[in-house]
> 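This is the structure, below, for whatever I ask next.
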Number of protein chains: 2
Amino acid sequence: MRGNLFAVAVDLVVLTVRDDRLHVLLVRRGERPFESHWSLPGGFVQADEDLGDTAARELAAQTGSATGDAVSGHLEQLGGYAAPDRDPRGRVLSVGYLALLPEVPDPVGPLQAAFLPVEDVYGLAFDHDLILADGIERARAKLEYTTLAAAFCPAEFTVTDLRRVYEAVWRTEIDPRNFQRKVTSTPGFLVPTETRVTGGRGRPPQLFRRGPATTLHPPMLREPAAALS
Amino acid sequence: MRGNLFAVAVDLVVLTVRDDRLHVLLVRRGERPFESHWSLPGGFVQADEDLGDTAARELAAQTGSATGDAVSGHLEQLGGYAAPDRDPRGRVLSVGYLALLPEVPDPVGPLQAAFLPVEDVYGLAFDHDLILADGIERARAKLEYTTLAAAFCPAEFTVTDLRRVYEAVWRTEIDPRNFQRKVTSTPGFLVPTETRVTGGRGRPPQLFRRGPATTLHPPMLREPAAALS
DNA sequence: AAAATAGTGTCTGTCAGACATTATTAG
DNA sequence: CTAATAATGTCTGACAGACACTATTTT
């Protein structure tokens, strides 16, 4: 079996929506290389692990395990990154994973970790700027043709909550009336709940849970179709 | 740097349309494990290579290099596969790549290689059945919202050629009239050429080249929208 | 002329974008 | 009652699905 040997790591692009802006979880590196630089959280694949196992383990470790469960959130592979010089220590292949989480507090623990607004993030360690960009683009694209936006919401949420997710991820404004029509008329996207909201200022909103639907057919498009001449 | 070491390989899902059916390039293994089984073509990542370099090199090697060029065809990463037991020789991570090619003859060379219809393919070596399935699904999905179908066509092709690609990949029938309207009205998808066709039986078709457009907006959907109640 | 293939045209229903109105709460 | 937020309704244009006709070649 020819070929060089690689260390294999998993790096996580953990996205959430906080304060109507898309945030990504970063950790400050405590060791060289890139000591004290921000980086994506990640770790090496252990002996008996498949890639998804490593990703789930790291996600649980970084977020206190409350978020890696099946109901909340979403975890999917982005792809492999293996530029020959991406790690000065030697040949390291990193597999990027994308995680979408409801709003959670910044992790507390031995290493400094925080959610930062994605537009403020530059100069990450290694090639993490690239992995992050790929993760954001994947998330943006998937909101168009899947029901994945609900992964950013807590178990029960309103149509307005969901719309704010789209607006934060796409950085656009969406007409609330058309949005409501679209998401409520897509079978299986939203399931109404009996829970009542109280204490708000205006008319209390209907609460929904995620439905079984996973794809949006037809999709919801970021750009309002092709501009004509 | 903790973590186990992996050999890293690239495996190619090389698809083409031949005889109105989707085919995949397979090679018969000449050594253990899985000796004499069909497998996806691939090879190990060499010292100074990035993953895409390895994929392009292997593609050129398997298809006589006439197909790895920039104009023809398409090459993109599928993702990483690293189940702990996927290779009995030890820990091997494979990065799947998807290649779409115009119709080419079966390669000739030292090892037995051929394009086989994808519906006839089962029992590939390693986890190549899985990688192949992911590659096919990726290709099917991408025809919906990109102009990638043209990568299956030669430099000059007719609308009918292009429609046959869609029909082969999706295993559906498409109305030629609606299809013609869709693809010719998408700006930048098809560029008419001056070349005339002669020798055919009916009215000679218009020939087109690929245009600069890469995305289809709005997309063309496999399933005719949601069935209503 | 007949057969074969290429290409255009029309009708209709669905759906997204734009915009106005009604509903239900707290103070 | 007023302010605030939630939700529904209407009009219109773009576009896909269904289907019929015209155009241009070979034999």
Side-chain angles (χ1 to χ4, degrees), chain A residues 20 143-145 153 156-167 170 172-187 189-208 213 215-229, chain B residues 20 143-145 153 156-167 170 172-187 189-208 213 215-229:
Chain A
D20 289 342
L143 291 208
E144 286 194 304
Y145 58 94
C153 295
E156 299 198 332
F157 54 93
T158 68
V159 172
T160 301
D161 293 336
L162 188 63
R163 178 170 48 83
R164 293 236 167 84
V165 166
Y166 276 91
E167 292 178 331
W170 285 348
T172 54
E173 292 224 326
I174 300 176
D175 186 288
R177 301 160 290 197
N178 295 336
F179 182 82
Q180 178 114 10
R181 180 181 56 194
K182 175 67 178 178
V183 297
T184 56
S185 70
T186 299
F189 194 171
L190 301 179
V191 178
T193 69
E194 298 304 318
T195 322
R196 295 279 91 208
V197 172
T198 177
R201 283 249 270 193
R203 170 174 172 175
Q206 173 70 255
L207 282 176
F208 295 90
T215 59
L216 243 46
H217 224 55
M220 195 172 345
L221 301 176
R222 281 173 276 187
E223 308 161 38
L228 301 177
S229 60
Chain B
D20 290 341
L143 291 209
E144 286 193 305
Y145 58 97
C153 295
E156 298 197 334
F157 55 93
T158 69
V159 172
T160 301
D161 293 336
L162 189 63
R163 179 170 48 84
R164 293 237 167 83
V165 166
Y166 276 91
E167 292 177 333
W170 285 348
T172 53
E173 293 223 329
I174 301 177
D175 185 288
R177 302 160 289 198
N178 295 336
F179 182 81
Q180 178 116 7
R181 179 180 57 194
K182 175 68 178 178
V183 296
T184 57
S185 69
T186 299
F189 194 171
L190 301 179
V191 178
T193 69
E194 298 304 317
T195 323
R196 296 278 90 212
V197 173
T198 175
R201 282 249 269 194
R203 171 175 171 175
Q206 175 69 257
L207 282 176
F208 295 90
T215 58
L216 244 48
H217 224 56
M220 194 173 347
L221 300 176
R222 282 174 275 187
E223 307 161 37
L228 302 177
S229 60

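Just so it is clear: chains get the letters A, B, ... in the order the sequence lines come, proteins before strands, and each one is counted from 1. FYI, side chains are in, hydrogens and waters are out, and symmetry mates aren't considered; it's all heavy atoms of this structure.
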> Kindly indicate whether the side chain of B:R177 and the base of D:dG17 share any N or O donor-acceptor pair separated by less than 3.5 Å?
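Per atom types, no contact qualifies.
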> Looking at side-chain heavy atoms only, is the closest gap between A:N178 and A:K182 below 4.5 Å?
no
> Show each protein N/O and nucleotides 2-6 of chain C N/O combination with a separation under 3.5 Å, one pair to a line.
{"residue": "C:dT5", "atom": "O2", "partner": "B:R203", "partner atom": "N", "Å": "3.1"}
{"residue": "C:dA6", "atom": "OP2", "partner": "B:T160", "partner atom": "OG1", "Å": "3.4"}
{"residue": "C:dA6", "atom": "O4'", "partner": "B:R203", "partner atom": "O", "Å": "3.4"}

> To the nearest 0.5 Å, tell me how far A:Y145 OH sits from A:L221 CG.
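It is 12.5 Å, given to the nearest 0.5 Å.
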> Between B:R222 (CZ) and D:dA16 (C1'), how many Å, whole number?
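The distance from CZ of B:R222 to C1' of D:dA16 comes to 17 Å, rounded to the nearest Å.
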> Which parts of residues 189-198 of chain A get close to DNA chain C, meaning a heavy atom less than 4.0 angstrom away?
none
> Check the distance between D:dG17's P and B:E173's CD and give it to me in whole angstrom.
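So the two atoms are 14 Å apart, to the nearest Å.
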> Between atom CZ in A:R181 and atom C1' in C:dC19, what is the gap in whole Å?
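It is 11 Å, rounded to the nearest whole Å.
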> Roughly how many Å is it from CD1 in A:I174 to P in D:dA7, rounded to a whole number?
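From A:I174 CD1 to D:dA7 P: 16 Å.
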> Starting at atom CG of B:D161, determine the distance to atom P of C:dG7, rounded to an integer number of angstrom.
10 Å
> Would you mind writing out the side-chain donor-acceptor pairs for residues 193-206 of chain B within the sub-3.5 Å range, not counting sequence neighbours?
{"residue": "B:T193", "atom": "OG1", "partner": "B:L207", "partner atom": "O", "Å": "3.1"}
{"residue": "B:T195", "atom": "OG1", "partner": "B:E156", "partner atom": "OE1", "Å": "3.1"}
{"residue": "B:T195", "atom": "OG1", "partner": "B:E156", "partner atom": "OE2", "Å": "3.2"}

> Please list, chain by chain and in numerical order, all residues satisfying ring-ring contact (aromatic ring centres under 6.0 Å, His included) with A:Y166, sequence neighbours excluded.
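By the ring-ring contact (aromatic ring centres under 6.0 Å, His included) rule, A:Y166 matches A:W170, A:F179.
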> Given A:E167, which of A:L162, A:D20, A:I174 fulfils the side-chain contact (heavy atoms from CB on, under 4.5 Å) condition?
A:I174
> So, using side chain to side chain donor-acceptor pair (under 3.5 Å) as the criterion, who are the partners of B:R164 when residues are at least two apart?
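In terms of side chain to side chain donor-acceptor pair (under 3.5 Å), with neighbours along the sequence ignored, B:R164 is linked to no residue.
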> Can you tell me the distance, in whole Å, between the NE2 atom of A:H217 and the C1' atom of D:dG17?
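These atoms are roughly 14 Å apart.
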> Got a sec, which residues hit side chain to side chain donor-acceptor pair (under 3.5 Å) with A:T158, two or more places apart in sequence or on another chain?
A:D161
> Round to the nearest Å and state the distance from A:D175 atom CG to C:dC15 atom P.
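Rounded to the whole Å, the gap is 18 Å.
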> What is the distance from CG of B:N178 to P of C:dG7, rounded to the nearest Å?
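To the nearest whole Å, that distance equals 15 Å.
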> Mind checking the CG-CD spacing from B:D175 to B:Q180? Nearest 0.5 Å is all I need.
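Going from CG on B:D175 over to CD on B:Q180, the span is 10.5 Å.
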> Between A:K182 and A:G199, which residue's closest nucleotide on DNA chain C lies nearer the 5′ terminus?
A:K182
> With A:R181, which residues qualify under salt bridge (Lys or Arg N to Asp or Glu O under 4.0 Å), at least two apart?
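Applying salt bridge (Lys or Arg N to Asp or Glu O under 4.0 Å) to A:R181 gives none.
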